[in-house]
Amino acid sequence: MNEQYEFSKIEPKWQKYWEDNDLFHVTEDESKEKFYCLEMFPYPSGKLHMGHVRNYSIGDVLARYKTMNGFNVLHPIGFDSFGLPAENAAIKNQSHPAIWTSSNIEEMEKQLRQLGFSYDWDREACTYKEEYYKWMQWIFIQFYKKGLAYKKENPVNWCPSCATVLANEQVVDGCCERCGTQVTKKNLSQWYFKITDYADRLLDDIDKLPGWPDKVKTMQRNWIGRSYGYELTFKLKDGDLPMTVFTTRADTIFGVSFMVIAPEHPYVDQLITGQKEEALCREYMEAAKRQSDIERSSTTKEKTGVFTGRYVINPVNGKEVPVYLADYVLMGYGTGLVMGVPAHDQRDFDFATKFGLPIVPVVDAGSGEDLNNLTKAVEAEGVMINSGKYTGMNNKEAIDAIGGDFEKQGIGKKTKNFKLRDWLISRQRYWGTPIPMISCPDCGWVPEKEENLPVLLPTDVEFTGKGESPIVTSKTFVNTKCPVCGKDAKREVDTMDTFLDSSWYFLRYTDARNDKACFDPQKAKYWMSVDQYIGGVEHAILHLLYSRFFTKVLYDLGLASVEEPFTNLLTQGMVLKDGSKMSKSVGNVVSPEEIISKYGADTARLFILFAAPPERELEWSDTGVEGSFKFLNRVYRLIYELAEDTKGIPCVYRLETKDDKQLAYILNNTVKRVSDDINKRFNFNTAISALMELVNEIYRYKELEDVNMGLLRDSAEKLVLMLSPFAPHVCEEMWEGLGMQAPVYKAPWPEYDEAALVKDSIEIVVQINGKVKGKMDVPTGLSKDDLQALVMESEQTAEIVGGKEIVKIVAVPGKLVNIVVKG
RNA sequence: GCCUGGAUGGCGGAAUAGGCAGACGCACGGGACUUAAAAUCCCGCGAUAGCAAUAUCGUACCGGUUCAAGUCCGGUUCUAGGCACCA
């Protein structure tokens, strides 16, 4: 240990030590309790940004803390390395995406090592490598065999700029999530995963995740969007089509004054053909098709629609009501047909108002509106009116009463609907896992034989950035033989959405080098589930939902032992500079490299954890970083001095003086606080401030005349131990400097002594009418009555009260005495 | 529009079960050391009044519960994120 804190020498020294000693490598060990600590793996964009540093610093503190507490800690890392940017870079540089990707990974690995994260690099998983995507393809085939993968022609979201299909989840405000171009519709045959088969389980099992933030759980619930209702069938006048609507409000059936059908509905053609309104209808259908999602879904837009010329008959009262085409009804939800109840649904109200349709109130919410002159829809609970035999009922009860009566007549069915749609997984891109399917003219779609996996990405392709998947330009890839009948057949040229790759990587980590299986179920059983998952809240829906889906399917296949992948989830906030997200376009990026070279990795880690609690947004501050650097220097000087002064002195001591007791109290209290802050609250910022307070106290204490060297020694050792998860390099150096056996990483976490936390006396507050007027030292452990008696006897109290009339006295042991006076 | 959060000094933030608001740090001001600077160390630092002791006010706003409210309840404003014609 040198006199100067030279991070540029210390950090490489200990990184080499850790690596040479293979310190972070773990294997399954049934004798120890496991802890799986996982941070979301990065996309290899080239360089780490501050968000990565924050994410991985949080995980590393936890992993190191758990290791010191005796857990067998799995802390892996990898790269989510398929995807569009690599392909775009390849187009731009006339090279291959693999070159760009692997050099970026190399650079980022270097940076991750520089930051001293305790990763088991032997388990590194890169999704673009054959050894990974082979098993991705194998898993796809298992999904296919289970009936969870299918191909379907559908209008899909199409990004004209990226020339690719987008999943619903990747369309943000009607624009491409990646490039911001407005998304259009295109009819294409696409691969889907039947995530809707798992909708109920995905929704219900959210309740089994107490370790997830409510915010994320709510977002997933809303995304899955289950609602219960009835399918009710109306009879078409002059026709045979069953006009079935989905409604959650069967109670309002007597208020139906029209019906709306989505313009894309397959019945429409039959309904309008030959009607005098046909031409107008066809025009409307064309217009609806041309419209982008953003135009169509704008809620501020006035309702549009057109009468089809047809009528349906309301089964409850025989009333004939007109059928309209209108784009506010969506084909993808429910039945694509909606009964219009303007009195009790705002959208229907708007439509009815515009088209002059009757508004019939059937529920009286009792809130005093003029029901015959409504200005908006009444959606509140109330009493049924104008509803035949149901009149007078509570409308909530009427839902099942009416629905049940429909069921008895065979024209109704209790049902539920989800907002969640099947997951569109094929992409017309090169840089992804090839979908291992073959199209045979006789056998149809057939999976590649499992022994032939992986289906390799061809290398003889051209990157033009236009049109279909570049894979079609390969001369070797497309033509093949059918695995079933051996005839000439063609391979699927689409690749998989990269969200598939990241939906099971946490399972691959449990057995990353396995070349016989995607992972050994026994190893996965030992490590799963992830005890703590950490990442950005932007993945609250997509990645986290898909991963849950995959885990459930793999569980059903007998491969995974758990149904939920992540027991606890921590969503960290963004790193901001000058109030906005760090980005190249704003020009407010602070690069981790810069900070590491100026102050070292320990300072970077310490600051990013100190500046804010993990869930909150973090405002970057250059002067704040300097403060963290100063703190590490201050600790270093302290330990340097104490290493000399306490050399050979054991941590054995008796507490003699008041100052001894105070330091011992603060030391033990710090152990307690830091342990709880890391382990229970994830408040690393307060853990660090507790350490700062301890350092201040040790400085104060060591300048006293009468110091206890054993106590100082103990304080020094525990300080270094507790700081080590945050600033591991300098703590290794100081640990060694104290003459202790390296590595500090494997040293046991300090324990605190409850006895040292019991003080002889405690300062309590004396209040008058709730305002602090004085303080008193009283012995600890006084009962309420004794405390009150003691305080009321004192001269100080008499002075404070000043002869006023005492109305009431509230004594809280260990805290205060509040004297309520009159006047 | 609906669903989640958030609002505390000049700034980041603390107050873990209703009990001393502002821990810890940054910035700033003053001082010590130094030829000087850096580094380091010490002191001060919510507002108003006062030489001071001290007093009054103060956790977005209005109201309530309580001996006691940043914390609980009702309402309002602003703000961030998510969803958004889902029948």
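Only a predicted model underlies this, so the values are computations on that prediction, with no experimental measurement involved. Here is the naming used below: chain letters follow the sequence lines, and residue numbers restart at 1 for every chain. For the numbers below, each heavy atom of this structure counts, side chains included, while hydrogens, waters and symmetry mates do not.
- Taking side-chain N and O atoms only, A:Y333 has a distance below 4.0 Å to OP1 or OP2 of B:rA87.
- Of the listed nucleotides (B:rA87, B:rA84, B:rU16), B:rA84 has the atom at the smallest distance from the side chain of A:W223.
- For A:K775 against B:rC20, a side-chain-to-base donor-acceptor contact under 3.5 Å is present.
- Look at the C1' atom in both B:rG63 and B:rG12: the space between them is 32 Å, to the nearest Å.
- With A:Y230 as reference, A:D400 is the one residue of A:T415, A:T247, A:D400, A:T248 to meet the side-chain hydrogen bond (donor to acceptor under 3.5 Å, both in side chains) rule.
- Taking atom P on both B:rA80 and B:rG75, the two are 23 Å apart, rounded to the nearest angstrom.
- Nearest to the side chain of A:R637, among B:rA87, B:rC41, B:rC20, sits B:rC41.
- Along RNA chain B, the nucleotide nearest A:V765 and the nucleotide nearest A:G336 are compared for position; the residue whose nucleotide lies closer to the 5' end is A:V765.
- Defined by atom type and a distance below 3.5 Å, a donor-acceptor pair is missing between the side-chain atoms of A:N683 and A:R673.
- A salt bridge links A:R226 with A:D200: at least one charged nitrogen is closer than 4.0 Å to a carboxylate oxygen.
- Annotation: B:rC61 and B:rA53 have their P atoms spaced 29 Å apart (nearest Å).
- Straight-line distance between the P atoms of B:rG30 and B:rG82: roughly 46 Å, to the nearest whole Å.
- Taking atom C1' in both B:rG18 and B:rC26, the straight-line distance is 32 Å, to the nearest Å.
- For B:rG9, the glycosidic angle deviates from 0 by 90° or less, giving a syn base.
- Salt bridge A:D207/A:R221: present, at least one basic N to carboxylate O contact under 4.0 Å.
- Of the P atoms belonging to B:rG22 and B:rG58, the separation is 16 Å, rounded to the nearest Å.
- Side-chain contact between A:L325 and A:H265: absent, with no pair of heavy atoms (C-beta onward) separated by less than 4.5 Å.
- For A:K303 and B:rC85, a side-chain-to-base donor-acceptor distance below 3.5 Å is present, hydrogens and geometry of angles not being considered.
- Every residue two or more places apart in sequence or in another chain that forms a side chain to side chain contact (heavy atoms under 4.5 Å, CB included) with A:T233 is listed here: A:P242, A:T244, A:I411.
- Syn is the glycosidic conformation of B:rA17, whose angle stays within 90° of 0.
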(message) Return a single string for nucleotides 62-75 of chain B, one symbol per nucleotide in 5' to 3' order, where B is base contact, S is sugar-phosphate-only contact and - is none, cutoff 4.0 angstrom on heavy atoms.
(response) -----B--------

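- A donor and an acceptor atom, one from each side chain of A:Y636 and A:N2, are nowhere located under 3.5 Å apart.
- Remark: the backbone N or O of A:L790 is not paired with any side-chain donor or acceptor of A:S794 at under 3.5 angstrom.
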Between the protein and nucleotides 5-10 of chain B, list the N/O to N/O atom pairs that are separated by less than 3.5 angstrom.
none

(request) If a protein heavy atom is under 4.0 Å from the base, mark B; if only from the sugar-phosphate, S; if neither, -; do that for nucleotides 22-29 of chain B going 5' to 3'. (result) -BBSSS--

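- Here the side chain of A:N683 is nearest to one of B:rA55, B:rA15, B:rA87, namely B:rA15.
- Side-chain contact annotation: A:Y333 with A:S227, donor-acceptor N/O pair under 3.5 Å present.
- Within the 4.5 Å cutoff, the side chain of A:F406 has heavy atoms near those of the A:I253 side chain.
- For A:L816, the side chain to side chain contact (heavy atoms under 4.5 Å, CB included) partners two or more places apart in sequence, or in a different chain, are A:V765, A:Q767, A:V812, A:N818.
- Counting any heavy atom pair closer than 4.0 Å across all strands shown, A:E763 reaches a base atom.
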(message) Expected output check: what is the dot-bracket annotation of RNA chain B, where ( ) and [ ] are pairs inside the strand (brackets for crossing ones), | is paired with another strand, and pairs are Watson-Crick or G-U under 3.5 Å?
(response) (((((((..(((......[....))).(((((.......))))).((((....))))..(((((..]....))))))))))))....

